Structure formats: C-alpha cells, structure tokens
**Q** 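Please see the structure below; I have some questions.
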Amino acid sequence: MEKNGKGFSMPKSSLKSTPSKDDSSQKSKEGRKVQFNNGGSPEERFDYSKSNGKSSSSADKGGRGNTANVKASKSKEKEPLELRLNQELLKNAKCLMDCEAAEIIQGIQDQMTLLSQDATIKLPVSFHKGLQYSQANARYTNTHSVRRVLEYPSYFNVNVLTKLPSTLKKHGVVEGEISVIANACPESTEEVFALVPSLKSKKSILQEPLEVALMVIKPLRKVDSTSV
Amino acid sequence: MFFHIVLERNMQLHPRYFGRNLRDNLVSKLMKDVEGTCSGKHGFVVAITGIENVGKGLIRDGTGFVTFPVKYQCVVFRPFKGEILEAVVTMVNKMGFFAEAGPVQIFVSNHVKIQKDSEVRLKIIGTRVDATEIFCIGTIKDDFLGVINDPTTT
C-alpha cells in the first residue's frame, strides 16, 4: 500500500513546497519537479534523476510536502514544461500511446483468463478502467505504423513526396508530446500547436514534418460509426 | 498517459511458500500487492507485464522471512499537467462536472450545460495525490477542447 502525503500541485506553487527555498523567481528544473510527494517508502526503489533527491528531503520534513496553493495557471510557458521535465523524471519509462497500451493490457487480460488457477488473483478495478479507457481511445488500426511515422525516418509515400522531411523526434519532440499528438488524432497542425504549446517555439521547423506525419497517419484511423 | 516502466520492490515471503513454487508464489504475491495501487511517482499501476529479475533472497534476522528484491515491468497510468485527455462525464453539479479517464477522476469547473456520459476533451491543469488515488483538475476553456459528443445525439 503506497502512502503519500496530500499535495496539491499547481504551477509555481511547487517551488513553495520546499520551505527553506522560497525562491519564486527560480526557474530551475529541480524546484519545479517537486509536484508529487514521494512516499519515500523503503520498499520501493526507483531510478530517477537527482532532483527527486530534493523532493524526498522535503518529504522528510514531516511529509508536509506541497502546500495547497491554489494559483490558476496563467503563464503558458509553465504548463508545457511539465511534460518535458517529467520526461526526465521517468527516464526509464517508455511513454505509450493509448493504442499501444490497449494492446498490451488486452494481451494481459487474455493471459489472465488462461492462468487463472489462483482464485485469489483478481484483476483490480484500475485494470479494467485502464483497459476500457485505452480501448475507447485506441483510434488507429495499426499502432506500429503510427509509432514509426511519428518517431523514425519516414519512408512512406516516396512517390508522392520529393523531399522527405526529418522526423519529429530529430527536432526535439519528446516522447510524451508524441503520445499526446497521437492520442488526440489532430486534424491540422494548428490543433497540434494549440494542444501542445511547448512545440510553438519550434513552429517553423515542425510545421512541415507535422503536416506530413498527420497526412500519413490519417488513413490509419479506425472509422468510428458513432462519430459525426 | 500510459507508461511502460521497470520498478523494483522488496518482497517478503514467509517460509511456508518456499519450495518448487517459490517463484510463482513470489510473483503472485507481487501482483496482489502492487496491481491496483497508486503512488505519486508513477501513478496507477494498471498491470504487471513481466518480471525482469528476482534477486537473491536475504533472510531477515529474528523472523525467518526472506526478502527478495524483484524488478518487474508494468504499465502505469500517470496524468500530467498540460496533458490532453478525452474523458467521460460521470457526475454533474452546479460547480462543474466530474469526468473519468481510466482510473483517474478529473474535475472541471465549468458553466456550460453538460450532460452525464458525454465525452469531453480536456486539459489537465493540476494534480493531487491521495493515499490510493490521483485526482486532477482540468479545463475545457482552451482551443480545441470541449464536448466531443453528447449522449442525446447518438
């Protein structure tokens, strides 16, 4: 059973979680990373960057951790950093698109029905909810193609395109952002830049590769009979 | 968002489980302990996909229990601030509505008429971790966000 202190994290307020360092102008990554209160339980070890060492020290201070600072997120530059910074936090984690997660979880469920010799192993509620959610949002017929198009050098449509643009990953789009793009099934690049504001700074470079990527993955979408 | 991650845990096993089924007992204990839990670091553990490594067991002094460090791969669901999600409305009240995306509940403060079971696309603007669940605050007041489909029109 994981035990975590209560914490309400909003942008900027995370810096106030370490009472000894109340430097609101400090834009260091370390300060902003203290979003979650680490349980600090000795049972679980986790490889992450040094910033978490700081948050565990805040947990040591009576586990008060994040104070409930309700500040509405006004500056947009704070929000997009969250996805990027947390990518470092979960460095050894592979970010999954909903369609990929659906395949994996479905596979496990199929396995469980075969291996359900132990009657006490029951799949938890979060498993079923996770399965349901990922299947509802798995909108592509071929998940591997989608992943390839968004990440790796594209060799699709060689006849149509005379110039092959570089991949998104090459331009510094992180895995988390790629997953958000894939999950959202955007119709246009405008939508992509609106949903992932951290890419706005590279708008000029990413415009073309994004257009191509969207064009290629559009036919891979499942046709939904209920959608308008 | 879903992640595929490797975690490590020290599992304590009672000597009654030793024998040829030691590893199986260890794995089932791990699944019982971990699946369905939630923590701030990595969110909800949705499912364990495999065991990477089981280390050497250490006998604890005085009790006879043995501690095994186990490395396992699992799928976790962890919502991030700034993430775009599609959720289903579960409850509406005068302050706004609650929506559910996977195991996570999200509250959106909103004054547009919305119905239960409609699908909305929202952005997460804040997260909070409780002992066993993660709770989020979201918004639909940005570009390309809002109601996707109504249960009445389908």
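Small disclaimer: the values here were computed from a predicted structure and weren't measured. Every chain is numbered from 1 and lettered A, B, ... according to where its sequence line falls, protein lines coming before strand lines.
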**Q** How long is the gap from CD on B:Glu83 to OG on A:Ser179, to the nearest 0.5 Å?
**A**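 Separation between the atoms: 9.0 Å.
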**Q** Shorter than 4.5 Å, heavy atoms on both sides: which option in B:Gly36, B:Gly102, B:Pro103 has the most such pairs with chain A?
**A**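 Heavy-atom pairs under 4.5 Å are most numerous for B:Gly102.
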**Q** Report which part of B:Phe144 has an atom under 4.5 Å of a heavy atom belonging to chain A: side chain, backbone, both, or neither.
**A**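 For B:Phe144, backbone and side chain are both near chain A.
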**Q** Quick one: pull up CD in A:Glu177 and CD1 in B:Ile84 and give me the separation to the nearest 0.5 Å.
**A**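 Taking CD in A:Glu177 and CD1 in B:Ile84, the distance rounds to 11.5 Å.
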**Q** Heavy-atom distances under 4.5 Å only: say whether B:Ile124 touches chain A with side chain, backbone, both or neither.
**A**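 No part of B:Ile124 comes within 4.5 Å of chain A.
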**Q** Can you tell me how far apart SG (A:Cys95) and CZ (B:Arg78) are? Round to the nearest 0.5 Å.
**A**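 Going from SG on A:Cys95 over to CZ on B:Arg78, the span is 11.0 Å.
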**Q** Write out, in numerical order, the residues from residues 99-107 of chain A with a heavy atom short of 4.5 Å from a heavy atom in chain B.
**A**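 Against chain B, the residues of residues 99-107 of chain A that fall inside the cut-off (heavy atoms, under 4.5 Å) are A:Ala101, A:Ile104, A:Ile105.
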**Q** Would you call B:Lys123 and A:Pro197 a side-chain contact if the rule is heavy atoms closer than 4.5 Å?
**A**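 B:Lys123 vs A:Pro197: side chains touch.
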**Q** Quick check on B:Gln73 against chain A: is it the side chain, the backbone, both or neither that has a heavy atom closer than 4.5 Å?
**A**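 B:Gln73 has no heavy atom closer than 4.5 Å to chain A.
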**Q** Looking only at heavy atoms, what is the nearest atom pair of B:Val46 and A:Gly130, with distance?
**A**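 Scanning both residues, the minimum pair turns out to be CG1-CA, 4.4 Å.
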**Q** Are there more than 12 heavy atoms of other residues, nucleotides or ligands under 6.0 Å from atom OH of B:Tyr17?
**A**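 No, because the 6.0 Å sphere around OH of B:Tyr17 holds 12 heavy atoms or fewer from other groups.
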**Q** Show the numbers, then the answer: is there a side-chain contact (heavy atoms from CB on, under 4.5 Å) between B:Met1 and A:Val180?
**A** CA-CA 8 Å; B:Met1 198 184 305; A:Val180 172; 3.7 Å; yes
**Q** Tell me which of these, A:Glu190, A:Gln109, A:His128, A:Glu187, has more heavy-atom pairs under 4.5 Å with chain B than the rest.
**A**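 Top count of heavy-atom pairs under 4.5 Å with chain B: A:Glu190.
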**Q** What is the minimum heavy-atom distance between A:Leu195 and B:Asp143, and which atoms define it?
**A**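 So the minimum-distance heavy-atom pair works out to CD2-O, 4.0 Å.
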**Q** Output the option from A:Leu96, A:Ile108, A:Val125 having the highest count of non-hydrogen pairs under 4.5 Å with chain B.
**A**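 Maximum pair count with chain B is reached by A:Leu96.
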**Q** Counting only non-hydrogen atoms closer than 4.5 Å, does A:Gln132 touch chain B with its backbone (N, CA, C, O), its side chain (CB onward), both, or neither?
**A**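 Interface part for A:Gln132: neither.
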**Q** Please state whether the side chain, the backbone, both or neither of B:Val45 comes within less than 4.5 Å of a heavy atom of chain A.
**A**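 For B:Val45, backbone heavy atoms alone lie under 4.5 Å from chain A.
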**Q** Could you tell me whether B:Asp61 atom CG has more than 12 heavy atoms of other residues or ligands within 6.0 Å of it?
**A**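 Atom CG in B:Asp61 is not crowded, with 12 or fewer foreign heavy atoms closer than 6.0 Å.
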**Q** Between A:Tyr133 and B:Phe2, how do the two ring planes meet: parallel, tilted or perpendicular, split at 30° and 60°?
**A**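 A:Tyr133 vs B:Phe2 ring planes: tilted.
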